Amino acid sequence: MSPRHPRYTIDRRELLVGAGALGLAAIPILACAKQPATAATSTRLIAGTACPVTPRQTQGPFYFDPRLVRQDLAEGKAGVPLSLRLQIVEASACAPSERARVDLWHCDASGAYSGYDSERSTGERWLRGTQFADADGVVTFRTLYPGWYEGRAPHIHVKAVMADGRELVSQLYFPDALSDQLYAEGAYAGRAGRRLRNAEDWIFRGLDGQAPLAEMARTPQGLAGAIVIALA
Ligand code: FE
């Protein structure tokens with residue numbers, strides 16, 4: 001294996017598969033006018049005339065509220081920096097959900113979650129945090145590309161609560177080709193066991209092609225990701 005970091009070139013077709021309404025122009029997320037989707041333009045993150053509802057997925061065993069409103073989740077942990085932007089929208093109006101609360105949590109490069117005895121992380125709160133959406137419904141987290149653990153494809157957990165109380169718990173996924181490259185190196189490398197690809201993950205598979213897949217790009221700092229989360 002080459003010690004040099006390989007360049008990951010984004011394949012546009014790959015990105016668009018499963019990326020919903022996002023085009024490459026969505027990174028960085030551009031201003032999103034508070035107008036119905038019929039007024040959508042190419043400069044908006046919400047494209048087209050529909051905002052398909054993001055499917056609900058299991059919360060899993062590792063959620064808790066760390067009571068940390070913060071953008072930076074890494075707390076010095078090792079991994080590839082990821083700037084992840086999520087746009088929370090109300091699906092029927094296809095409109096940004098200002099002030100929506102977004103909780104993010106995910107495992108570290110070794111596949112462990114913070115805050116649990118079983119993960120040997122009692123009292124820790126790394127890779128967890130909360131943000132509130134701006135007028136465009138956008139939140140940005142600075143975290144790390146997640147690791148993986150047995151029985152699942154790589155994912156990030158998200159809980160979004162709109163100002164009116166409507167709530168969605170879901171999980172975000174990533175292009176397999178990107179994971180293949182990242183996991184060969186650094187803090188991710190040398191893991192025992194077998195990582196599942198997206199199509200092998202029973203939760204991902206159960207979503208029948210509707211699984212939320214983040215649109216990813218390389219940046220000088222690491223990675224940028226973007227995704228629309230639409231609540232019914
Ligand atoms: Fe998980």
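Keep in mind it's a predicted model, so treat the numbers as computed, not measured.
- Atoms OH and CD1, on Y173 and I156 in that order, are 11.5 Å from each other to the nearest 0.5 Å.
- A 4.5 Å side-chain heavy-atom check between Y145 and Y183 finds at least one atom pair inside the cut-off.
- The minimum heavy-atom distance between A187 and A78, with the atom names listed, is CB-CB, 3.6 Å.
- A ring-centre distance under 6.0 Å is not found for H106 and F62.
- The distance between the ring centers of W105 and Y63 falls below 6.0 angstrom.
- Using a 4.5 Å heavy-atom threshold, the side chains of F64 and Y116 count as touching.
- Taking the charged nitrogens against the carboxylate oxygens, E90 and R166 do have a contact shorter than 4.0 Å, which makes a salt bridge.
- Around the CZ atom of R70, the shell of radius 6.0 Å holds more than 12 heavy atoms that belong to other residues, nucleotides or ligands.
- Panel note: side chain E98, backbone A133; no donor-acceptor pair is recorded below 3.5 Å.
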Working for side-chain contact (heavy atoms from CB on, under 4.5 Å), residues S83 and T140 | CA-CA 7 Å; S83 178; T140 304; 3.7 Å; yes
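- Paired with H155 under the rule ring pair (Phe, Tyr, Trp, His ring centres under 6.0 Å), one option of F204, F174, Y149 passes, and it is Y149.
- Exactly one residue among V169, T130, L68, V158 makes a side chain to side chain contact (heavy atoms under 4.5 Å, CB included) with D103. That residue is T130.
- Across all their heavy atoms, A230 and C51 have their closest contact at CB-O, 3.9 Å.
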Derivation and outcome, side-chain contact (heavy atoms from CB on, under 4.5 Å), residues H157 and Q57 | CA-CA 9 Å; H157 296 268; Q57 298 172 71; over 6 Å; no
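- A side-chain donor-acceptor contact under 3.5 Å links S114 and R128.
- Taking each heavy atom of I88 and A160 in turn, the nearest pair found is CD1-CB, 4.2 Å.
- Put simply, the side chain of D108 never gets that close to the backbone of Y113: no donor and acceptor are under 3.5 Å apart.
- Between R56 and S170 the shortest side-chain heavy-atom distance does not fall below 4.5 Å.
- How far CG of L104 is from CD of Q71: 12.0 Å, rounded to the nearest 0.5 Å.
- A side-chain donor-acceptor contact under 3.5 Å links Q87 to the backbone of D136.
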Verdict with supporting geometry, S179 and Q181, side chain to side chain donor-acceptor pair (under 3.5 Å) = CA-CA 5 Å; S179 295; Q181 295 206 2; over 6 Å; no
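- Residues R152 and W202 have side chains in contact (heavy-atom distance under 4.5 Å, counting atoms from C-beta outward).
- Considering only heavy atoms from C-beta on, P212 comes within 4.5 Å of T54 through its side chain.
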Worked verdict on Q171 versus I203 for side-chain contact (heavy atoms from CB on, under 4.5 Å) = CA-CA 9 Å; Q171 302 181 31; I203 298 176; 4.1 Å; yes
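- Within the 3.5 Å criterion, the main-chain N or O of L127 finds no donor-acceptor partner in the side chain of T143.
- Side chain of E200 to main chain of R197: a donor-acceptor pair is present (N/O by atom type, distance under 3.5 Å, no hydrogens or angles).
- Two residues are said to be in side-chain contact when any heavy atoms from C-beta on lie closer than 4.5 Å; L86 and L172 meet this criterion.
- Note that CZ of R142 and CG of D72 are 4.0 Å apart. Values are rounded to the nearest 0.5 Å.
- Between R191 and E150 there is no salt bridge, since none of the side-chain N atoms of the basic residue sits less than 4.0 Å from a carboxylate O of the acidic one.
- No side-chain donor-acceptor contact under 3.5 Å links S121 to the backbone of E124.
- Hydrophobic clustering, with ILVMFWY side chains joined whenever heavy atoms are under 4.5 angstrom apart, keeps L196 apart from Y188.
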So L231 and V89, side-chain contact (heavy atoms from CB on, under 4.5 Å) or not? Walk me through it.
-> CA-CA 6 Å; L231 281 74; V89 303; over 6 Å; no
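- No side-chain heavy atom of L144 sits less than 4.5 Å from a side-chain heavy atom of V80.
- Checked for salt-bridge contact, D65 and K159 miss the test: no charged N lies under 4.0 Å from a carboxylate O.
- Comment: R101 does not engage E167 in a salt bridge, judged by the lack of any side-chain N to carboxylate O separation of less than 4.0 angstrom.
- One hydrophobic cluster holds both W126 and L84 under the rule that ILVMFWY side chains link at heavy-atom gaps under 4.5 Å.
- Between L213 and N198 the shortest side-chain heavy-atom distance falls below 4.5 Å.
- Cluster membership for V161 and V138, using ILVMFWY side-chain heavy atoms within less than 4.5 angstrom, is not shared.
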